[in-house]
K.L.:
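Just dropping this structure here.
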2 protein chains.
Amino acid sequence: MSDNLKLSNQVCFPLYTLAKEVIKKYRPILIDLDLTYPQYLVMMVLWEEGIQNVSEIGNKLSLDSGTLTPLLKRLEQKELIIRKRKTEDERIVTISLTENGRKLENTAQCVPNKIVETLNIDTEDLQQLKNIINKINSKITK
Amino acid sequence: MSDNLKLSNQVCFPLYTLAKEVIKKYRPILIDLDLTYPQYLVMMVLWEEGIQNVSEIGNKLSLDSGTLTPLLKRLEQKELIIRKRKTEDERIVTISLTENGRKLENTAQCVPNKIVETLNIDTEDLQQLKNIINKINSKITK
DNA sequence: GTAAATTAGATTGTGCACAATTTAATTTTG
DNA sequence: CAAAATTAAATTGTGCACAATCTAATTTAC
């Protein structure tokens, strides 16, 4: 077998594994908020930026409506968000936080620290990873 | 909002996005082999290591039986692999390549080069990403 | 001003991903 | 050796992820 088909020589596989591994670390922490990782991302967008269209959330998280629509319906069922069609342009659905959704931000404050603890990666390595990923992401997604 | 809850300050989100983005680049290339990315990973294990148990594949790819069983059944339907229970220990299912499955390795030779082309990332950046991810992966998955 | 193009979400269908449970076989222990 | 523990896959159920298609509303071009 030629070397370039070897699993160990490829970059995508370790990237794919690490991403799954890190999300797995979030699970027991986010269970306290009754959120999955993608749901947590949506909530962060809303906490950070307030009321948003579905497409705005999609752009920020690189997720399409086929993923977001059912996810947002689950957040609505948990009474964390409200989905409402705009009167000016009824194609547009705006997503806003409920009181519960807003309050959840306080509970979420501890999440990043808990993650850093459980990941247990050198701060330097983490920073290096962040830098190189951001560098590549900015080139690749256009 | 406290800074540590900001999306931009977290490492997991760019990691998760980059992994999805890279897998997305594989899709149009793997479509020629009629494989998804996880199916391609399984085929690479088999090309590289030959006949394997389900659990051995699972360990190498960090995937559990709930993921692998249906995936392997799809590969079996495509007549790329054979699933066979061991006679010595009938709990164990061994996965081997069919003639078609073996032949597909030739077609797959071009995949890594095509990926490097379409990713269009500096070789240095790619190497740096690979190094830091491998370093972190080896610490995190134990 | 109306037909064509564009835009925004929703829907549908396929395929992971994984936790939890089940089933069946093998090993270990008393 | 028989009961208990362990092991290996399969099954079930929930939740993404995304391509493709659909529906309806708005823009634009003529």
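All values reported here derive from a predicted model rather than from experimental measurement. Numbers restart at 1 for each chain; the letters A, B, ... are given by sequence-line order, proteins then strands. Hydrogens, waters and symmetry mates are skipped; everything else that's a heavy atom, side chains included, is used.
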K.L.:
Output one line per pair: protein atom, nucleotide atom from nucleotides 25-27 of chain D, and distance, for all N/O pairs under 3.5 Å.
P.N.:
unit_1, atom_1, unit_2, atom_2, d
D/dA25, N3, A/Arg91, NH1, 2.9
D/dT26, OP1, A/Glu88, O, 2.7
D/dT26, O4', A/Arg91, NH2, 3.3

K.L.:
Can you sort out the partners of B/Glu88 under side chain to side chain donor-acceptor pair (under 3.5 Å), two or more places apart, ordered by chain and number?
P.N.:
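Counting only residues at least two positions away or on another chain, B/Glu88 forms no side chain to side chain donor-acceptor pair (under 3.5 Å).
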K.L.:
Between A/Lys86 (NZ) and D/dA24 (C1'), how many Å, whole number?
P.N.:
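Computing the A/Lys86:NZ to D/dA24:C1' distance gives 17 Å.
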K.L.:
What's the CZ-C1' distance between A/Arg83 and C/dA8, to the nearest Å?
P.N.:
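Distance check: A/Arg83 CZ to C/dA8 C1' gives 13 Å.
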K.L.:
With sequence neighbours excluded, tell me which residues meet side chain to side chain donor-acceptor pair (under 3.5 Å) with A/Gln127.
P.N.:
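Scan of A/Gln127 (side chain to side chain donor-acceptor pair (under 3.5 Å), adjacent residues dropped) gives A/Asn131.
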K.L.:
My understanding is that only residues two or more places apart in sequence, or in another chain, count here; which of them pass side chain to side chain donor-acceptor pair (under 3.5 Å) with B/Asn100?
P.N.:
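Partners of B/Asn100 under the side chain to side chain donor-acceptor pair (under 3.5 Å) test: none.
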K.L.:
CG of B/Leu72 versus P of D/dT11: gap in Å, rounded?
P.N.:
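Atom CG in B/Leu72 sits about 12 Å away from atom P in D/dT11.
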K.L.:
What integer distance in Å separates B/Arg85:CZ from C/dT23:P?
P.N.:
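Rounded to the whole Å, the gap is 15 Å.
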K.L.:
Not counting sequence neighbours, which residues clear side chain to side chain contact (heavy atoms under 4.5 Å, CB included) with B/Glu124? List them please.
P.N.:
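If we apply the side chain to side chain contact (heavy atoms under 4.5 Å, CB included) test to B/Glu124, skipping adjacent residues, there are no hits.
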K.L.:
Between A/Leu35 (CG) and D/dT14 (C1'), how many Å, whole number?
P.N.:
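After rounding, the gap between these two atoms is 15 Å.
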K.L.:
Can you list the residues that meet the side chain to side chain donor-acceptor pair (under 3.5 Å) rule with B/Lys78, with sequence neighbours excluded?
P.N.:
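B/Lys78: side chain to side chain donor-acceptor pair (under 3.5 Å) contacts with B/Gln39.
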K.L.:
Sort me out a list of protein N/O and nucleotides 15-17 of chain C N/O pairs below 3.5 Å, or just none if empty.
P.N.:
unit_1, atom_1, unit_2, atom_2, d
C/dC16, OP1, B/Thr36, OG1, 2.7
C/dC16, OP2, B/Gln39, NE2, 2.9
C/dC16, OP2, B/Arg74, NE, 2.8
C/dC16, OP2, B/Arg74, NH2, 3.1
C/dC16, O5', B/Arg74, NH2, 3.1
C/dA17, OP1, A/Tyr16, OH, 3.2
C/dA17, OP2, A/Tyr16, OH, 2.5

K.L.:
Going by salt bridge (Lys or Arg N to Asp or Glu O under 4.0 Å), name the pairs with one or both residues in residues 67-76 of chain A, residues two or more places apart or in two chains.
P.N.:
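As it turns out, the salt bridge (Lys or Arg N to Asp or Glu O under 4.0 Å) pairs with a partner in residues 67-76 of chain A, which skip direct neighbours, are A/Glu76-A/Arg83.
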K.L.:
Give, for atom CD1 of B/Ile121 and atom CG of B/Leu129, the distance between the pair rounded to the nearest 0.5 Å.
P.N.:
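Going from CD1 on B/Ile121 over to CG on B/Leu129, the span is 7.0 Å.
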K.L.:
Please identify each residue that fulfils salt bridge (Lys or Arg N to Asp or Glu O under 4.0 Å) with B/Lys135, with sequence neighbours left out.
P.N.:
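Salt bridge (Lys or Arg N to Asp or Glu O under 4.0 Å) check on B/Lys135 returns A/Asp125.
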K.L.:
Scan A/Lys73 against the nucleic acid and name what it touches under 4.0 Å (heavy atoms): base, sugar-phosphate only, or nothing.
P.N.:
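Result for A/Lys73 = sugar-phosphate.
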